[in-house]
Enquirer: 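This structure is in C-alpha cells; I'll ask about it shortly.
Here is how names work: the chains are called A, B, and so on, in the same order as the sequence lines, proteins then strands, and each is numbered from 1. From a predicted model like this one, the values you see are computed outputs, not experimental measurements.
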Protein chains: 2
Amino acid sequence: MHEAALELFGERGYARVTAAEVAERAGLTERTFFRHFADKREVLFDGNELGGLLAAAVADAPEGVAPVEAVVAGLEAVAAVFEDRREAVARRARVVEAHPELRERELAKLASWSKALEGVLVGRGLPEPDAMLLAEVSVAVFRVAYRRWLDGGTARELAAIIRETLAGLGGLFAHTAPGPRDLSAARAGAAARRSDR
Amino acid sequence: MHEAALELFGERGYARVTAAEVAERAGLTERTFFRHFADKREVLFDGNELGGLLAAAVADAPEGVAPVEAVVAGLEAVAAVFEDRREAVARRARVVEAHPELRERELAKLASWSKALEGVLVGRGLPEPDAMLLAEVSVAVFRVAYRRWLDGGTARELAAIIRETLAGLGGLFAHTAPGPRDLSAARAGAAARRSDR
DNA sequence: GTCTATAGGGCGATAGAC
DNA sequence: GTCTATCGCCCTATAGAC
C-alpha cells in the first residue's frame with residue numbers, strides 16, 4: 001500500500017485522501033489497512049527496519065572501535081539502503097515534507113533511532129550520560145546529512161556526506177570544549193529581552 | 001485549558017479523555033476547544049513561544065560572539081523560563097512522556113525550534129550548510145540537558161547542565177575532526193548483516 | 001465484517017469590545 | 001462599523017471495539 005499511498009498523497013494531499021481510498025487502490029479494504037497500520041500515517045513509515053539496522057550495525061562494530069566510529073559505521077549501513085534508491089527516497093521525502101502530520105511521524109521515527117542507538121551504546125560500554133548525548137547528536141547529524149544529500153543536485157554519496165558533516169561538527173564546537181566562557185554580555189541581552197514581556 | 005487538560009490526561013490517560021471533557025472542565029464547549037487548538041494535542045503545546053524566545057535571544061547576542069556562544073545564550077534564555085517552575089515543568093513532562101501522541105508533538109515543536117534557530121544563525125552570517133547543523137545539534141544538546149535536568153534529583157541549574165553537556169560534546173567528537181579513519185572492518189560487518197535479509 | 005465514538009472541519013449565529 | 005470569542009448543528013473519516 002506504500003506505493004498507493006505515495007501516489008494519492010502526492011496527487012491530492014494527505015488530508016484529502018482517505019485510508020479507504022489507499023486500500024482500494026491497493027485492491028484491499030479499509031479494514032485491512034488498519035489491520036496493517038496503527039494509523040493512517042504509518043503507511044509511509046512501515047515499522048522501523050532502519051532503526052533496527054542502525055542499532056544492529058553499531059552493535060556489530062569491532063570491540064576496540066571508539067563509540068563515534070561505531071556510530072558512523074551504523075549510519076553508513078543506513079545510508080547504504082538509501083544510496084541506490086535515491087529517486088524513490090527523494091519522492092517519498094517530498095511527500096512527507098509537504099505534510100505536517102507526516103513530518104511529525106518522521107521525527108518520531110528518528111527519535112526511536114536515537115533510543116535504540118542509545119541502548120546499543122550503553123551495551124558497548126559507553127557510560128549513560130554520554131550515550132544519550134552521542135545518540136541524539138548522531139541522529140541530528142544524520143538528519144542534516146540526509147537533507148544535504150537530497151538537496152545536492154549531484155548524486156554525491158550519502159555516506160561521504162555523513163562523514164563530512166560529522167567533521168564539520170568538530171569544527172563548529174571546537175572552541176567550546178575547554179569550558180564555559182564569558183558570556184555575560186550575551187546573557188544580559190537575553191535577560192533584558194526576557195524581562196520586557 | 002492547559003491546566004484542565006494536564007489534570008485529565010494525568011488521571012485517565014490522553015486517549016480516554018475527550019476534547020469536550022477538557023473544554024467542559026474549563027467552562028467552555030468542544031467547539032471552542034477546536035477554535036483555540038488545531039487539534040487535541042495542541043492543548044499542551046500552545047503556540048511556540050519558547051521557539052520565539054530562543055530565536056530572539058540568539059538574535060540579540062552581541063555581534064562579535066561566535067555562533068555556538070550565541071546559541072548558548074539563547075538556550076539559557078529558554079532555560080531561565082523553566083528554572084523557577086521546575087515542578088510544573090516536570091509534571092507536564094511526565095504526562096507528555098507517557099503518551100506517544102504527545103511525545104510526537106513535542107518532537108515537532110523542538111524541530112520548529114531548530115528551524116527558527118537555523119534562520120537566525122543564517123541572519124548572523126553563519127553560512128547555510130553549517131547553520132542547519134549547528135541548529136539541529138544545539139537542539140539535540142538541549143534535549144539531553146533537559147532530560148538530565150529533569151532526572152537529576154537535586155535542583156541543579158538547567159543552564160549549567162546545558163553548558164556542561166555542550167562541553168561533553170566537544171570531548172565525544174574530538175577525535176573525528178581530523179577526517180575519515182579506516183572503518184573498513186566496521187563497514188564489512190554492517191555489509192554482511194545487510195546482505196542477509 | 002459490522003458498529004460506534006470521537007476527531008476535527010464547514011458554515012453560520014450570537015454577542016461583546018473597540 | 002469591524003474584530004474576535006463563543007457556541008450550534010451537521011458532516012465525514014479515523015480508529016477502536018465487538
Enquirer: Rounded to the nearest angstrom, tell me the gap between atom NE2 in A/His36 and atom C1' in D/dA15.
Expert: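 Atom-to-atom, A/His36 to D/dA15, this comes out as 16 Å.
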Enquirer: Side chains of B/Arg105 and B/Asp39: does their closest heavy-atom pair fall under 4.5 Å?
Expert: yes
Enquirer: Where the side chain of A/Lys109 meets the backbone of A/Leu50, is there a donor-acceptor pair that is under 3.5 Å apart?
Expert: no
Enquirer: Within this structure, what is the OH-to-P distance between A/Tyr14 and C/dA7, rounded to whole angstrom?
Expert: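 My rounded result for the distance is 16 Å.
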Enquirer: Between the two end axes of the helix from C/dG1-D/dC18 to C/dC18-D/dG1, each built from 5 base pairs, what angle do you get to the nearest 10°?
Expert: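 That helix gives 10° between its end axes.
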Enquirer: Can you see whether B/Phe9 has B/Arg92 sitting over its ring - NZ or CZ less than 6.0 Å from the centre and within 45° of the normal?
Expert: no
Enquirer: Checking A/Phe33 against A/Glu24 for the side chain to side chain contact (heavy atoms under 4.5 Å, CB included) test, could you report, in this order, the C-alpha distance in whole Å, the side-chain angles of both residues, the deciding distance, and whether it holds?
Expert: CA-CA 9 Å; A/Phe33 180 101; A/Glu24 191 192 11; over 6 Å; no
Enquirer: Rounded to whole Å, how long is the line connecting atom CD of B/Glu42 with atom P of C/dG8?
Expert: 11 Å
Enquirer: Just to verify, what does A/Glu30 make a side-chain hydrogen bond (donor to acceptor under 3.5 Å, both in side chains) with, not counting sequence neighbours?
Expert: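 By the side-chain hydrogen bond (donor to acceptor under 3.5 Å, both in side chains) rule, A/Glu30 matches no residue at all.
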Enquirer: Please name all residues satisfying side-chain hydrogen bond (donor to acceptor under 3.5 Å, both in side chains) with B/Arg94, sequence neighbours left out, ordered by chain then number.
Expert: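 Partners of B/Arg94 by the side-chain hydrogen bond (donor to acceptor under 3.5 Å, both in side chains) criterion come out as none, since no residue qualifies.
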Enquirer: Tell me: CG of A/Asp39 to C1' of C/dA7, nearest whole Å?
Expert: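 Atom-to-atom, A/Asp39 to C/dA7, this comes out as 13 Å.
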Enquirer: Counting side-chain heavy atoms from CB outward, which of C/dG1, C/dG8, D/dA15 is closest to A/Thr29?
Expert: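 Within the option list, the nearest is C/dG1.
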Enquirer: Backbone N or O of B/Glu157 within a donor-acceptor pair of the B/Trp149 side chain at under 3.5 Å?
Expert: no
Enquirer: Using a strict heavy-atom distance below 4.0 Å, which residues from residues 3-10 of chain A are in contact with DNA chain C?
Expert: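 Contacting residues: none.
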Enquirer: D/dT14 C1' sits how many Å from A/Arg16 CZ, rounded?
Expert: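 Going from A/Arg16 (CZ) to D/dT14 (C1'), I get 15 Å.
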Enquirer: Just verifying a value: how many Å separate B/Asp84 CG and B/Leu158 CG, rounded to the nearest 0.5 Å?
Expert: 11.0 Å
Enquirer: So, is B/Thr32 near the phosphate of D/dC7, with a side-chain N or O under 4.0 Å from OP1 or OP2?
Expert: yes
Enquirer: In whole Å, what is the span from the CD atom of A/Glu24 to the P atom of D/dT14?
Expert: 13 Å
Enquirer: Mind checking B/Ala20 for me? I need base, sugar-phosphate or nothing, with any heavy atom below 4.0 Å counting as a touch.
Expert: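 Nothing: the residue B/Ala20, judged by heavy atoms under 4.0 Å, touches no strand.
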Enquirer: Counting N and O atoms only, with roles assigned by atom type, does the side chain of B/Glu69 sit under 3.5 Å from a partner on the main chain of B/Ala66, one being a donor and the other an acceptor?
Expert: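 No, the answer is negative, given that no donor and acceptor are paired below the 3.5 Å cut-off.
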Enquirer: Filter on side-chain hydrogen bond (donor to acceptor under 3.5 Å, both in side chains), then keep only pairs touching residues 116-134 of chain A, sequence neighbours left out; what's left?
Expert: A/Lys115-A/Glu118
Enquirer: Could you state the CG-C1' distance from B/Leu28 to D/dA5, rounded to the nearest angstrom?
Expert: 10 Å
Enquirer: Please check this pair: side chain of A/Arg103 against backbone of A/Glu97, looking for a donor-acceptor N/O pair closer than 3.5 Å.
Expert: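 Yes.
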Enquirer: Write down the protein N/O and nucleotide N/O pairs, taken from nucleotides 10-16 of chain C, whose separation is under 3.5 Å; answer none if there are no such pairs.
Expert:
unit_1, atom_1, unit_2, atom_2, d
C/dG10, N7, B/Arg31, NH2, 3.4
C/dG10, O6, B/Arg31, NE, 2.7
C/dG10, O6, B/Arg31, NH2, 3.4
C/dC11, N4, B/Arg31, NH2, 3.3
C/dG12, O6, B/Arg35, NH2, 3.4

Enquirer: If I take atom CZ in residue A/Arg41 and atom C1' in nucleotide D/dA15, what distance separates them, rounded to the nearest angstrom?
Expert: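 The answer, rounded to whole Å, is 12 Å.
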